[in-house]
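In the text below, chain A, chain B and the rest are named by the order of the sequence lines, each starting its count at 1.
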Amino acid sequence: MNEEERQQATPDLGPGYLRIGELAKRTGVSPELLRAWEQRYKLLQPTRTAGGFRLYGAADEARIRRMQSLVSGGLAAAQAARLILSGEPAPRTVPASATILDEEAANLTASLDRLDEQAASAALDRLFSAYTVETVLQDVVIPYLHRLGERWEVGEISVAQEHFASNLLRGRLLGLAQGWGQGQGPGAILACLPGEHHELGLLAFGVALRRRGWRIIYLGTDSPIGAVADIARSLRPAVVVLMSMNPDSFLDHARQIEQLAKQVQVVIAGRGATPEVARHTQTHLLDQDPVSAAGIIDRDHSTRDDDRRRS
Amino acid sequence: MNEEERQQATPDLGPGYLRIGELAKRTGVSPELLRAWEQRYKLLQPTRTAGGFRLYGAADEARIRRMQSLVSGGLAAAQAARLILSGEPAPRTVPASATILDEEAANLTASLDRLDEQAASAALDRLFSAYTVETVLQDVVIPYLHRLGERWEVGEISVAQEHFASNLLRGRLLGLAQGWGQGQGPGAILACLPGEHHELGLLAFGVALRRRGWRIIYLGTDSPIGAVADIARSLRPAVVVLMSMNPDSFLDHARQIEQLAKQVQVVIAGRGATPEVARHTQTHLLDQDPVSAAGIIDRDHSTRDDDRRRS
Amino acid sequence: MNEEERQQATPDLGPGYLRIGELAKRTGVSPELLRAWEQRYKLLQPTRTAGGFRLYGAADEARIRRMQSLVSGGLAAAQAARLILSGEPAPRTVPASATILDEEAANLTASLDRLDEQAASAALDRLFSAYTVETVLQDVVIPYLHRLGERWEVGEISVAQEHFASNLLRGRLLGLAQGWGQGQGPGAILACLPGEHHELGLLAFGVALRRRGWRIIYLGTDSPIGAVADIARSLRPAVVVLMSMNPDSFLDHARQIEQLAKQVQVVIAGRGATPEVARHTQTHLLDQDPVSAAGIIDRDHSTRDDDRRRS
DNA sequence: ATAGGTTTTGTCAAGCTTTTGTACAT
DNA sequence: ATGTACAAAAGCTTGACAAAACCTAT
């Protein structure tokens, strides 16, 4: 049974539709205990079938969940029941959490390794709800990608695992990227050089930059310089970021890049972006991790802006 | 047989065209069970051939599928049938192929009603990953909050349910709000007037405004005007937004608000923000839903900005 | 009288006047059965020669073909005949109010062309909130992608526009894909062959298949067959889908694919998947649009499942 | 928690009828 | 060509049954 069906099956009206077994399965409270709570505290008053079976409704389910949360919060069952029946709001308990970061990071690695999408997504959810996007990217995602590359090179990991993990992370990053073209902030065009198909780092960079209020125009993998230049001319972004893992990629298109750099600020990134390449192409070099890089670009731009205003 | 032919073969009108074997093949429910459901629950009322063979129509097929979904969702057959028969006033209503938006929205409501945090979070996850933040806020969250309020007034919903839902949604909105003070965009100070404890609308507004690149300084519920004014003086935001559900709240602090409005653009929002209040306090009125409101504020600000540049 | 003579003996009484034997040969329905249908259901009312021979026209042939299609679609003969005689033109599933659909589709195209992320996202939101996922994919996204390809070939569109649009759509599809590895349904491994970097079609297929309850393991672009095989061995999916736009891609790996096809059902798709390739590699061919293809795979699997259970 | 009894629900079987494609005699 | 016959396939009704789920009470 999949989740949607189960949820569909819970209409929020009327007399009661769930038999005790299903209610038990849904809430995790045993049928015996459900009957006990009914008898002892009158917590529930299910309707009955002609034959005598109990039938519970959505309100009953809510009451049970409330009961669970109160009891697990330390209240005695009788008190919890009284509280619920009196209609008082619950004192909410806040589960405090300590250093989940490393734990969840390990979790994520393990989940991705065994192609368990659900577990990996859950781990990412927990991470994103406990830490800032920047922290998760910088301390979990990027390091993970590095290790993924290394493990792949050593043959510790199959291509399939690598693909699976990349695709899942790409999906999450694109989720964070949603709407990153909106707004009034400075614009940035992001592109991978022709032949380059690794885009996760660039995506992470884009997300981090967006978080600082920038407007992102994302061209993605394998983008011809000419196309980037066209767009740059019409959109006049504050910066163009070109990424490649291979230095030769940059050198092969050195002339075009240099040309582009005369019209707009061009920044090069990725393992292929070396000081030498930057010198050759008259561009700026970005060799930090994506999140720091976004910080630097942002700072740079604002100070330059400030200077302009001052003068 | 290909798909089109099969669909062609299922006209959705009239007396019925499928014999029991074919219906069984299509739905995966055995002929015996189909007859049992008919006899026991009157779930189907097929027409008959002269010789007595049952003939089913598309509506019957839909009913069977609904039945399957409910039963696989844990309902007992009798209850599932009752539900289907009760919820079907029109002979031919919409087949359950609703869009994900409606489906998940209904899902969210049901989950929140029965205090099922996990299911509610999952529904929100699906919504946020399938739709823009703006759409989810405008078409799901805000309408839900309205209905929540109405249902609460009518007593259709318990205090616990209302608290549960509010807290969960607040958590999600705060998640979206993460890092919203960063960046270079125009700043906005958001605050609820003293005594005002409803902040969800204001949060949604903040999120929408952030998505347009603004920098949000959020003071939250029950904020003294003096504190707002202090911060406004030091941070010089482009706009200050004051919210309250109660007109008197505004009027009680009219003088302070008017004073504040002389130093910075002040906008009032919430059900308590009436044209009269705006006139009294020399402020601007924002009476749309939070997402549209954010759009208006943003547009206003950029045009004013443009004008300034032009002049 | 031999065949030729018989035909010669049939003077042109006008276009399309057929005697029963010829009609039988054309439609594959035996003369006896044709007469039976005429008598029992009045399905046909052929004119007669002076000697009493039946003469059928084109309309009769059409009726027979319709009858065949309906019957092979599961209808009983009597019902099929009734349907045909009732004179309705095949109640096809009509796309609801095609106007909004087309309008928003045009909107989407325009937005994407001018790199307006916000507008494009909004258009997609409206589409997804008004129509089924299947409808939007089949009637908007897939056609759009086709046109995109064509326009790109003709040079009507810049590479940058193509990249931008692809990335945005990919983001949305991945959003819909969220959680698609979960659940209990049959599993499918999806991969593009080595060298193939177009994945949007495959993503759409995955989304559609997920909507039917399948569990998706997505390997994405440029996946070595070896990796696919590894995973297939350990996960034992119900089907493996390989996609490529280039027939040579398939042929280059024909041996590996054939090997894989011995262990698990392999289906090939994409423009490169030709009947010839399928024969060569002992795989099944999928040449419909992604959404229909998902339907076919799903039906195939359930019927095969049924058969197995029955035997 | 267990024991002993009841309800619910899917499945099966027996004996008979209808439907439908095909065969045969005139 | 016609009309009738026939047999396989598919269906109908009634009745029964057993596993699963549920009840009460100890």
[X] [atom1] to [N] [atom2]: how many Å, rounded?
| X | N | atom1 | atom2 | value |
| --- | --- | --- | --- | --- |
| C:Met67 | D:dG21 | CE | C1' | 11 Å |
| A:Glu38 | E:dC22 | CD | C1' | 13 Å |
| C:Gln79 | E:dG11 | CD | C1' | 12 Å |
| C:Leu43 | D:dT19 | CG | P | 17 Å |
| A:Glu32 | E:dT24 | CD | C1' | 13 Å |
| B:Leu55 | E:dA10 | CG | P | 16 Å |
| B:Gln68 | D:dG10 | CD | C1' | 14 Å |
| B:Glu22 | E:dG11 | CD | P | 9 Å |

Of all the nucleotides listed ([options]), which has the minimum atom distance to the side chain of [X]?
| X | options | answer |
| --- | --- | --- |
| B:Phe53 | D:dT22, E:dG11, D:dT11 | E:dG11 |
| B:Ala77 | D:dT9, D:dT22, D:dT20 | D:dT9 |
| C:Ala36 | D:dT11, D:dT22, E:dC12 | D:dT22 |

Inset, instruction - Run the numbers on B:Arg63 and B:Glu38 for salt bridge (charged side-chain N to carboxylate O under 4.0 Å, His left out), then give the verdict. - result: CA-CA 11 Å; B:Arg63 233 172 288 185; B:Glu38 175 184 332; over 6 Å; no
Is there a side-chain contact between [X] and [Y], using heavy atoms and a 4.5 Å cut-off?
| X | Y | result |
| --- | --- | --- |
| C:Gln68 | C:Ile64 | yes |
| C:His301 | C:Val239 | no |
| A:Leu55 | A:Tyr17 | no |

Inset, instruction - For A:Arg19, answer base if it contacts any base atom (sugar-phosphate contacts may also be present), sugar-phosphate if it contacts only those atoms, and nothing otherwise; contact means non-hydrogen atoms under 4.0 Å. - result: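 Here A:Arg19 touches the backbone only, sparing every base.
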Inset, instruction - Would you mind classifying the nucleic acid contact of A:Arg54 as base, sugar-phosphate or nothing, using non-hydrogen atoms under 4.0 angstrom? - result: sugar-phosphate
Inset, instruction - Map B:Ala76 and B:Ala50 onto DNA chain D by nearest heavy atom, then report which one ends up closer to the 5' terminus. - result: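 Its nearest nucleotide being more 5', the pick is B:Ala76.
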Inset, instruction - Identify, between B:Ser30 and B:Thr49, the residue whose nearest nucleotide on DNA chain D lies closer to the 5' end. - result: B:Ser30
With a 4.0 Å cutoff (strictly under), does any side-chain N or O of [X] reach OP1 or OP2 of [N]?
| X | N | answer |
| --- | --- | --- |
| C:Arg35 | E:dA1 | yes |
| B:Trp37 | D:dT9 | no |
| B:Arg48 | D:dT17 | no |

Inset, instruction - Please evaluate the base of D:dG10 for a donor-acceptor partner in the side chain of B:Arg40 within a cut-off of under 3.5 Å? - result: yes
Inset, instruction - Step by step, work out the side chain to side chain contact (heavy atoms under 4.5 Å, CB included) result for C:Leu43 and C:Asp60. - result: CA-CA 8 Å; C:Leu43 183 63; C:Asp60 297 309; over 6 Å; no
